[in-house]
Amino acid sequence: ALLVGGGAILTLVFTSFEGSAIYSRKVDEILKEKDKLAGRTVRVEGTLKRCTLVRRDEPCEYRFTMKNNGKELPVHYARCTVPDTFQDVPGMAVAVTAEGTLDPSGHLEATQIMAKCPSKYEMKDRAQKGEKMPHDAVTAGATQPCM
């Protein structure tokens, strides 16, 4: 009876988590496995491709492209707000993590966006070279228009 009970509990645990796994990978890895991951929730890591961040008011949304190792992934984020550090800043690679559903064409419908801001130690080195934090650079008007 103890073995049957233990087996039932293990079966319940393993079958309940089967469809809820979130696959976390880099852009190039996601695109390699897009057929396998299509329709599933994925977490994608990469950098913001310069001059692709576009905000639209009606309906309120953001569209941008993430890149990694020469591969690019278009992202649609149907929300009005993004993190303060998620800015298109010239000369600075903005690390982005997006979570959402991958469609079969290789397009991500994001439900969550996270932008990694450089650490204070990393920024000390960058500041000595004249670089500013992403949100400081935007506030100071240091951005250059995309051409």
Side-chain angles (χ1 to χ4, degrees), residues 1-127 129 131-139 142-143 146:
L2 190 58
L3 284 174
V4 171
I9 290 172
L10 285 176
T11 301
L12 181 63
V13 168
F14 287 120
T15 57
S16 65
F17 290 119
E18 189 175 315
S20 62
I22 296 177
Y23 298 90
S24 181
R25 306 239 175 29
K26 301 278 186 189
V27 170
D28 58 331
E29 296 167 350
I30 290 284
L31 292 175
K32 250 188 254 182
E33 299 182 47
K34 74 178 177 183
D35 295 332
K36 175 184 164 192
L37 299 174
R40 294 190 174 186
T41 301
V42 294
R43 184 174 293 139
V44 186
E45 299 173 11
T47 56
L48 175 66
K49 181 180 178 186
R50 178 94 174 100
C51 297
T52 63
L53 180 60
V54 177
R55 182 180 193 272
R56 191 168 86 170
D57 291 326
E58 289 294 325
C60 194
E61 67 181 11
Y62 283 86
R63 291 183 184 265
F64 58 95
T65 301
M66 294 173 65
K67 64 180 185 169
N68 174 258
N69 287 336
K71 301 293 183 182
E72 297 181 355
L73 176 69
V75 180
H76 174 245
Y77 182 61
R79 300 253 165 53
C80 295
T81 57
V82 293
D84 289 342
T85 55
F86 188 55
Q87 302 286 338
D88 193 353
V89 180
M92 182 176 285
V94 178
V96 180
T97 301
E99 189 175 303
T101 307
L102 188 67
D103 82 9
S105 68
H107 178 94
L108 184 70
E109 281 295 324
T111 55
Q112 186 174 8
I113 301 292
M114 297 165 272
K116 180 184 175 204
C117 190
S119 71
K120 66 180 181 181
Y121 304 108
E122 184 181 344
M123 276 314 298
K124 267 188 183 178
D125 295 334
R126 288 181 170 190
K129 297 174 188 170
E131 197 171 333
K132 296 182 184 240
M133 294 287 277
H135 50 281
D136 291 342
V138 172
T139 306
T143 60
C146 294

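Along the sequence shown, the residues carry numbers beginning at 1.
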### Query
Charged N to carboxylate O below 4.0 Å: is that the case for Arg43 and Glu99?
yes
### Task
Assess whether side chain to side chain contact (heavy atoms under 4.5 Å, CB included) is satisfied between Lys32 and Arg25, documenting all intermediate values.
CA-CA 10 Å; Lys32 250 188 254 182; Arg25 306 239 175 29; over 6 Å; no
### Message
In this structure, is the centre-to-centre distance between the rings of Tyr62 and Phe86 below 6.0 Å?
### Response
no
### Query
Do the side chains of Val44 and Met66 get nearer than 4.5 Å, heavy atoms only?
yes
### Side-chain donor or acceptor of Asp88 paired with backbone N/O of Cys51 under 3.5 Å
yes
## Note on the structure
Here the pair of heavy atoms bringing Leu108 nearest to Ala98 is CD2-CB, 3.7 Å
#### Entry: Heavy-atom closest contact (Lys71 atom, Val27 atom, distance)
O-CG1, 3.7 Å
### Separation between CD1 of Ile113 and CG of Leu48, rounded to the nearest 0.5 Å
10.0 Å
### Task
Please round to the nearest 0.5 Å and tell me the distance separating atom NE2 of His76 and atom NE2 of His107.
6.5 Å
### Query
Roughly how far, to the nearest 0.5 Å, is the CG atom of Asp28 from the NZ atom of Lys67?
13.0 Å
### Query
How many angstroms lie between CD in Gln87 and CG in Leu53, if you round to the nearest 0.5 Å?
7.5 Å
### Message
Just so I know, are the side chains of Leu102 and Leu73 near enough to count as touching, which here means a heavy-atom distance under 4.5 Å?
### Response
yes
### Message
Would you compute the distance between atom CZ of Arg55 and atom CZ of Arg63 and round it to the nearest 0.5 angstrom?
### Response
14.0 Å
### Query
Would a distance-only check, ignoring hydrogens and angles, find a side-chain to backbone donor-acceptor pair under 3.5 Å from Arg79 to Thr111?
yes
### Task
For Leu10, look at atom CG and say whether over 12 heavy atoms of other residues, nucleotides or ligands are found less than 6.0 Å away.
yes
### Message
How long is the straight-line distance from CG of Asp103 back to CZ of Arg40, given to the nearest 0.5 Å?
### Response
15.0 Å
### Message
Pair Ile30, Asn68 - check side chain to side chain contact (heavy atoms under 4.5 Å, CB included), show working.
### Response
CA-CA 10 Å; Ile30 290 284; Asn68 174 258; over 6 Å; no
### Query
Nearest heavy-atom pair of Gly106 and Leu31: which atoms, and what distance?
O-CD2, 4.2 Å
